[in-house]
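Down below is the structure, laid out as structure tokens.
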Amino acid sequence: MSKGLQKRVEIREKRLQTILTYHGDAKGLVEGSEKNELKIGRFNFSQCGNCQQGCAIMQVYSVLDAAVVSHSPIGCYAGISANYFTNTNVAQMRGNRDFHHHGICTNIQESDTIYGGINKLRHAVDEAYKRYNPKVIYITTSCASGIIGDDVQSLAEEMTDELGIPVFAVECEGFKSRIWSTGFDASFNAVLNAAVKPPKKKQEDLVNIFNFNGIDSFSPLLKTIGLRPNYLIETRTTEELAEMTEAACSSSICETLATFMSDKLEELYGVPQVKAPSPYGLQWTDRWLRAVAALTNRHSIVEAAIRSEHERIKPELDSLREFFKGKKVYVFAGDAFAHNLASVAHDLGLEVIGITTFHHDKKYDNPEVNTAKYLVQAVGNVPNVSICNKQPYQVVKFLKQLKPDFLLVRHPGLAVLGFKLGIPAIMENDSDKAVGYDGILDLGRRIKRSMQSKKLYKNFAKHTVLPYSDWWMSEDTDPFTFVEK
Ligand code: SF4
């Protein structure tokens, strides 16, 4: 990774040597990544896809007193309404705050692609400043603004001088990276440049937690060793974001989200990154707590806290494990978060028979943080691991062939893949629900409830006609037929 503050982030294909296709087992993925043998892969047919601009906007738009100007056609900006509703809820959950829409789209038109859109952008930034009185303005770019070559960086610098607040260009043109999580890095880089400040004092009991929206599950977990979470970056103010350099250490709900930011905080401000898997599952939560305790000088109390938590959850965990004996689960989610879910499922006594992730970072910003390796250590060699940039037409084939008892997904619209095949499924939309010791039980209860409705799912399957041809669904057809060899 480049050292120091940067105007733009290198895309994940280059920085983390990210890949988009793989079919094998978990060990093969870890070893192939270490030896750099695996290639990114190119699909010559895609059923759907994501764009890094969506990930970037989602993050910067969630800062309470910032404004976002999306320099794009209106279609690229359409997802903002979902972010608005999510942020409103999260702001309420986290301290009864109000979240207001602070966004403008330049709505690039055909004529702008011929004559240039920079004047329109200047006008939009001015308008955002007048309407919202923000502390920072983030300008997000798009394929259209990139293709016509609008110099957004220079305009942002000019407007910073003119308005007297930071105006920062978040370079996240969809075509620039095939890995949509590059957008997370672009947005964190913007926050790092525009909002984060050197520490005024150190807060030795504060732990940075980079996450999405979610319930407050880190407070009870950290409280066991006398610490408190600093949730970042959704629904925080610019002033609060500046304080992340005062924390004792940083962690995240998954490395896919915040590996770039945690590493930069360590490099630039000496805030150490927790070198352990995120606290999902029994083994990983123990490991994470010990790593946090080591960084916050709490060695003497952490073992007693872990013992007491194990004793507390044991009766219910034993009963869940009894229920899940012999049952098989398949996980379908983003790279590191899929490993988190597999870790919890394994500790609940489910057999993890397969995992599909949307991409895989072969390298990590910090080589000591490697969730795929942690996965093999904790769960063993998961026999069916694939990477397929969110392509349902492939996943239905994996599910049909492996016939899991349960499907665990992270993103909207994917649980239905299980329903259509008669497989109970849960969408783990709230990333924080399965965190820590209580999170293990919580996910276990939800999976159990869902499995008890088996008949409902069988009925779904009975009345569903999949849109795929017999040729595609045949066992002889390779699910990776549309990946260029
Ligand atoms: S930035 Fe490009 S890829 Fe992303 S939504 Fe807009 S047009 Fe699509």
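We count ligands from 1, going down the list as the structure has it; atoms in each ligand are counted the same way. Along the sequence shown, residues carry numbers from 1.
- Partner of E171 under the side chain to side chain donor-acceptor pair (under 3.5 Å) criterion, chosen from Q153, Q52, Q53: Q153.
- Atom OH of Y468 has more than 12 neighbouring heavy atoms from other residues, nucleotides or ligands inside a 6.0 Å radius.
- Applying the side chain to side chain contact (heavy atoms under 4.5 Å, CB included) criterion to N44, with sequence neighbours excluded, gives F482, E484.
- There is a protein heavy atom closer than 4.0 angstrom to atom 6 (Fe) of ligand 1.
- Among the candidates I11, L20, L16, the single residue satisfying the side-chain contact (heavy atoms from CB on, under 4.5 Å) test with I179 is L20.
- Side-chain contact annotation: T140 with Y61, donor-acceptor N/O pair under 3.5 Å absent.
- Within the protein, the number of N, O or S atoms lying under 2.8 Å from atom 6 (Fe) of ligand 1 is 1.
- F188 and F260 have their aromatic ring centers separated by at least 6.0 angstrom.
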